[in-house]
Amino acid sequence: DSMELTDQELLDLALDGDGGAFAALVGRYEIPLRGYFRRRRVEGDEDGLMQETFLRVFRYAASYDPAKRLGTWIFTIASNLFKDRFARLSRRSGVEATVDPTSLEGAASRSAAPEAEALRREAGLEIMSALSGLSDQHRAVFMLKHHYGLRYEEIARILGCSVGTVKSRMHYACQTLRGKLTQQGHR
């Protein structure tokens, strides 16, 4: 059963030609990566970036260091793709992407009472709105830490900066979010 296999075992099987193992690996990271791209203001091109991320995972698997978490490596690839794509688009069109605060995934449990669900959704939208006011650098650090549960060292590797820079960006992001949410009436 592929659910019991580690990421490394799935990658090894995929490299040996097991399409099911590669599909299982994609399945594990599809939702987190889609959310990552969505929160990085990539709208409408998530599928293309997802496909390119997994093509690169397969193509460059020999360069992966098994001593490190595969998820961190996959997010590093995704982050580099985003930076490349965004830089190219900005140079060509000068157009800045926008955030769609209604795209918050899982903002409310479907089994909750309608009132509680509405309150959670509203709070989620307010948080997403506050997050959209952060710079890409600060939002990325916050999301990688609090949404994806990565450690500071992993975030530093993904973003190509020092752990101290990650901590500084996190502090700024939290202070800014706290201020914005306090202004909106949250404690």
Side-chain angles (χ1 to χ4, degrees), residues 7 28-50 52-53 56 68-91 93-109 116-187:
D7 288 347
R28 282 188 187 173
Y29 287 96
E30 181 176 12
I31 291 172
L33 281 173
R34 189 171 301 282
Y36 173 77
F37 287 130
R38 186 172 292 135
R39 286 172 182 83
R40 296 297 305 256
R41 299 179 180 190
V42 177
E43 294 180 21
D45 198 23
E46 295 157 15
D47 289 336
L49 287 168
M50 295 269 302
E52 184 62 27
T53 298
R56 290 185 183 192
K68 300 189 172 136
R69 286 182 47 191
L70 183 64
T72 302
W73 186 65
I74 291 173
F75 273 97
T76 300
I77 292 170
S79 179
N80 289 337
L81 269 172
F82 168 79
K83 290 175 193 173
D84 292 347
R85 179 80 50 99
F86 190 74
R88 226 182 356 236
L89 289 174
S90 294
R91 281 193 304 269
S93 66
V95 175
E96 195 170 319
T98 59
V99 171
D100 177 8
T102 62
S103 68
L104 180 63
E105 296 174 280
S109 166
E117 183 175 329
L119 287 173
R120 271 195 300 278
R121 178 131 179 96
E122 182 179 327
L125 290 173
E126 289 173 0
I127 292 168
M128 286 304 292
S129 176
L131 280 169
S132 72
L134 295 174
S135 72
D136 284 342
Q137 294 174 334
H138 293 101
R139 186 175 42 259
V141 167
F142 185 87
M143 294 304 295
L144 289 170
K145 176 69 175 161
H146 293 290
H147 187 73
Y148 299 110
L150 299 179
R151 296 186 318 266
Y152 287 130
E153 295 79 15
E154 294 171 314
I155 297 168
R157 267 186 255 128
I158 289 169
L159 299 178
C161 61
S162 71
V163 172
T165 298
V166 169
K167 289 179 179 180
S168 172
R169 289 177 184 171
M170 177 61 73
H171 176 75
Y172 176 83
C174 289
Q175 292 292 87
T176 303
L177 289 173
R178 185 175 296 120
K180 288 181 182 201
L181 293 172
T182 300
Q183 287 176 350
Q184 295 173 358
H186 297 282
R187 290 181 180 239

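Counting from 1, the numbers follow the sequence of the chain as shown.
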Roughly how far apart are [X] [atom1] and [Y] [atom2], rounded to 0.5 Å?
X      : Y      : atom1 : atom2 : answer
Tyr36  : Ile74  : OH    : CD1   : 13.0 Å
Ile158 : Glu153 : CD1   : CD    : 11.5 Å
Arg157 : Thr76  : CZ    : OG1   : 7.5 Å
Glu30  : Asp47  : CD    : CG    : 8.0 Å
Leu81  : Phe75  : CG    : CZ    : 13.0 Å
Trp73  : Lys68  : CH2   : NZ    : 12.5 Å

| task | Might you point out which heavy atoms bring Leu150 and Arg69 nearest each other, and give the distance in Å? | result |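 Nearest pair, atom of Leu150 first, then Arg69: CD2-NH2, 3.9 Å.
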| request: Might you point out which heavy atoms bring Met170 and Phe142 nearest each other, and give the distance in Å? | output: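 For Met170 versus Phe142, the nearest heavy atoms are CE-CA, 3.7 Å.
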Does [X] reach the main-chain N or O of [Y] with its side chain, forming a donor-acceptor pair under 3.5 Å?
X      : Y      : value
Thr182 : Arg178 : yes
Thr165 : Cys161 : no
Thr176 : Tyr172 : yes
Arg139 : Leu134 : yes

| With a 3.5 Å cut-off and no angle check, do the side chains of His138 and Ser135 form a donor-acceptor pair? |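 Result is yes, a qualifying pair exists.
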| task | Flag the pair Glu154 and Arg151 as a salt bridge only when some basic side-chain nitrogen lies within less than 4.0 angstrom of an acidic carboxylate oxygen. | result |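 Yes, charged N to carboxylate O under 4.0 Å.
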